[in-house]
There are 2 protein chains.
Amino acid sequence: MEAAAVVLKEHISKTASLTEEELSYLASHFKPLSFKKGQVVIREGDKVEHEYFVLSGCLKAFYINDEVKMHILQFAMPTWWTSDYNALYTQTKATINVDCITDATLLSLSNADREKLCREIHQVEHFFRWRTNRGYVAAQKRLLSLMNNDARTRYEELLQLYPELYSLVPKHLIAAYLGVSRETLSRLYHTR
Amino acid sequence: MEAAAVVLKEHISKTASLTEEELSYLASHFKPLSFKKGQVVIREGDKVEHEYFVLSGCLKAFYINDEVKMHILQFAMPTWWTSDYNALYTQTKATINVDCITDATLLSLSNADREKLCREIHQVEHFFRWRTNRGYVAAQKRLLSLMNNDARTRYEELLQLYPELYSLVPKHLIAAYLGVSRETLSRLYHTR
DNA sequence: CCGGTTGTGTGACCTGGATCACTTTCTTAA
DNA sequence: TTAAGAAAGTGATCCAGGTCACACAACCGG
């Protein structure tokens, strides 16, 4: 618990300057949760009230097309944030799912508390602005990559960016992130 | 000039509550610019110092792959913002281009001024957080659409979301936004 | 009003990657 | 330890969309 708060505080202090007091106040709004491998954090159709800061483990945020094809929007590793941000920001039902690829521990923050903290502490608003800025830029890069590059190039890019995924995440999930079929991904690295 | 400031102020007031004084102070940091059809606003390799608020006209932010294939990251219509945000935020050289599809008038804001204003006025930081939030969610939706849907579905989605693009923007640019070839797009709506 | 650039339509052909159908490992829980 | 599900590999086939090659607009600027 204490360790959890420390990780969170360090993470936030990298982009915002908060006093120790403010950091503790901020941290007091987060609720620790643990999940087992395979457990669902957000289910399509749910009301979405929280976002999650990952302390340990690995999650995926994904969309299921006609009950069959899964596409992964984002993996979430330690110190990453995840949720269905569309649903969270617009107060609508979840259209994506979030679940745990491995056992995981998270800190949850409610939408209402985030907004409250942003109002109360200017530097907290600053932090969340920068966090989203980074996410936005990453999403734009991925869009370009999806349009410009073929599956093999995308695969190599991904491994270069997040080598840890290679061993951590089953290949069919990596395929679902890259936007190719399991079979194609398998061929990509067996037939060079 | 005055009219420009009014549009900007109204735009910002929709998500942040600023006094008239603050709004004027904010507006004083924007510089009006006009461009002719075809003029370049940001060229690949440039240092990027500004972002742009569109008053009139239509721009595109695009990436050119091996000097040949163009992919459009974003169209920018009145009241939209555009820049190479990756370059702007990380202070690196532009990797994308921005130019004018039609004659256009813009308001430019420097990165330094944005950061200064965000520091000075909490509500300005609030505004920019929400602006990026919206952009982030839109980018995520487009990612999913690119992975889930075929070209025809994406085309119909785009027209539904921004019907004005149909008549305003040449078809080969719409193709470059959708991530299909000109020829394929042409076939999409002639062979139903 | 005319010649050139910029857009658009269409046919013929090619190919990356999807799909289907099986087989072969890995994992994991009892 | 072993059986059953989950993950991964592989061949055969198919198709959406790319590429190439031309033919026509339509829209300027001089």
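Lettering follows sequence order; numbering is per chain, from 1.
Straight-line distance from the NZ atom of Lys36(B) to the P atom of dC28(D): 14 Å, rounded to whole Å. Rounded to an integer number of Å, the gap from Arg187(A) CZ to dG11(D) P is 8 Å. The NZ-C1' distance, from Lys37(A) to dG5(D), rounds to 12 Å in whole Å.
When each of Thr90(A), Thr132(A), Asn86(A) is checked for a side chain to side chain donor-acceptor pair (under 3.5 Å) with Asn133(B), only Thr132(A) meets the rule.
Residues that satisfy the side chain to side chain donor-acceptor pair (under 3.5 Å) test with Thr184(B), not counting sequence neighbours, are Ser181(B). Looking at residues two or more places apart in sequence or on another chain, you find a salt bridge (Lys or Arg N to Asp or Glu O under 4.0 Å) between Glu125(A) and Arg129(B). Every residue two or more places apart in sequence or in another chain that forms a side chain to side chain donor-acceptor pair (under 3.5 Å) with Arg114(B) is listed here: Glu51(B), Asn111(B). Among residues two or more places apart in sequence or in another chain, the salt bridge (Lys or Arg N to Asp or Glu O under 4.0 Å) test is passed with Asp113(A) by none.
Residue pairs satisfying the side-chain hydrogen bond (donor to acceptor under 3.5 Å, both in side chains) criterion with at least one member in residues 100-109 of chain B, sequence neighbours excluded, are listed as follows: Ser56(B)-Thr105(B). Contacts classified as side-chain hydrogen bond (donor to acceptor under 3.5 Å, both in side chains) and involving residues 23-36 of chain B (residues at least two apart or in different chains) are given here: Lys9(B)-Ser24(B), Glu20(B)-Ser24(B), Tyr25(B)-Lys116(B), Tyr25(B)-Glu120(B), His29(B)-Lys116(B).
At a non-hydrogen distance threshold of 4.0 Å, nothing from residues 163-177 of chain A comes into contact with DNA chain C. Near-neighbour residues of DNA chain D inside residues 97-106 of chain B, defined by a heavy atom below 4.0 Å, are absent.
The 12-atom threshold is exceeded at CD of Gln91(A), counting heavy atoms of other residues, nucleotides or ligands nearer than 6.0 Å.
By the 4.5 Å side-chain criterion applied to Ile, Leu, Val, Met, Phe, Trp and Tyr, Ile96(B) is assigned to a cluster that also includes Tyr63(A), Leu73(A), Ile96(A), Leu143(A), Leu144(A), Leu146(A), Met147(A), Tyr63(B), Leu73(B), Leu143(B), Leu144(B), Leu146(B), Met147(B).
The two atoms that bring Val41(B) and Cys100(B) nearest to each other are CG2-SG, 3.9 Å, heavy atoms only. Annotation for Ala76(B) and Thr82(B): closest pair CB-CB, 3.9 Å, computed over non-hydrogen atoms.
Using a 4.0 Å cutoff to heavy atoms of chain A, the contacted part of DNA chain C runs 5' to 3' from dG17(C) to dT28(C).
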Could you run down the sub-3.5 Å N/O contacts of the protein with nucleotides 14-17 of chain D?
from: dG17(D); atom 1: OP1; to: Ala151(B); atom 2: N; distance (Å): 2.9

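The aromatic ring centres of Trp81(A) and Tyr136(B) sit 6.0 Å or more apart.
Residue Tyr189(A) places none of its side-chain N or O atoms closer than 4.0 Å to OP1 or OP2 of dA8(D). When the side-chain nitrogen and oxygen atoms of Lys69(B) are compared with OP1 and OP2 of dG18(D), none of them lie within a distance under 4.0 Å.
Taking five base pairs at each end of the helix from dC1(C)-dG30(D) to dA30(C)-dT1(D) and finding the rotation axis that steps the C1' atoms of four pairs onto the next four gives two axes whose angle is 50°, to the nearest 10°.
In terms of hydrophobic clustering, with Ile, Leu, Val, Met, Phe, Trp and Tyr side chains grouped at heavy-atom distances under 4.5 Å, Leu159(A) and Tyr189(A) are assigned to a common cluster.
In this structure, Arg142(A) is positioned above the aromatic face of Tyr177(A), its NZ or CZ under 6.0 Å from the six-membered ring centre and within 45° of the axis. In this structure, Lys171(A) is positioned above the aromatic face of Tyr166(A), its NZ or CZ under 6.0 Å from the six-membered ring centre and within 45° of the axis.
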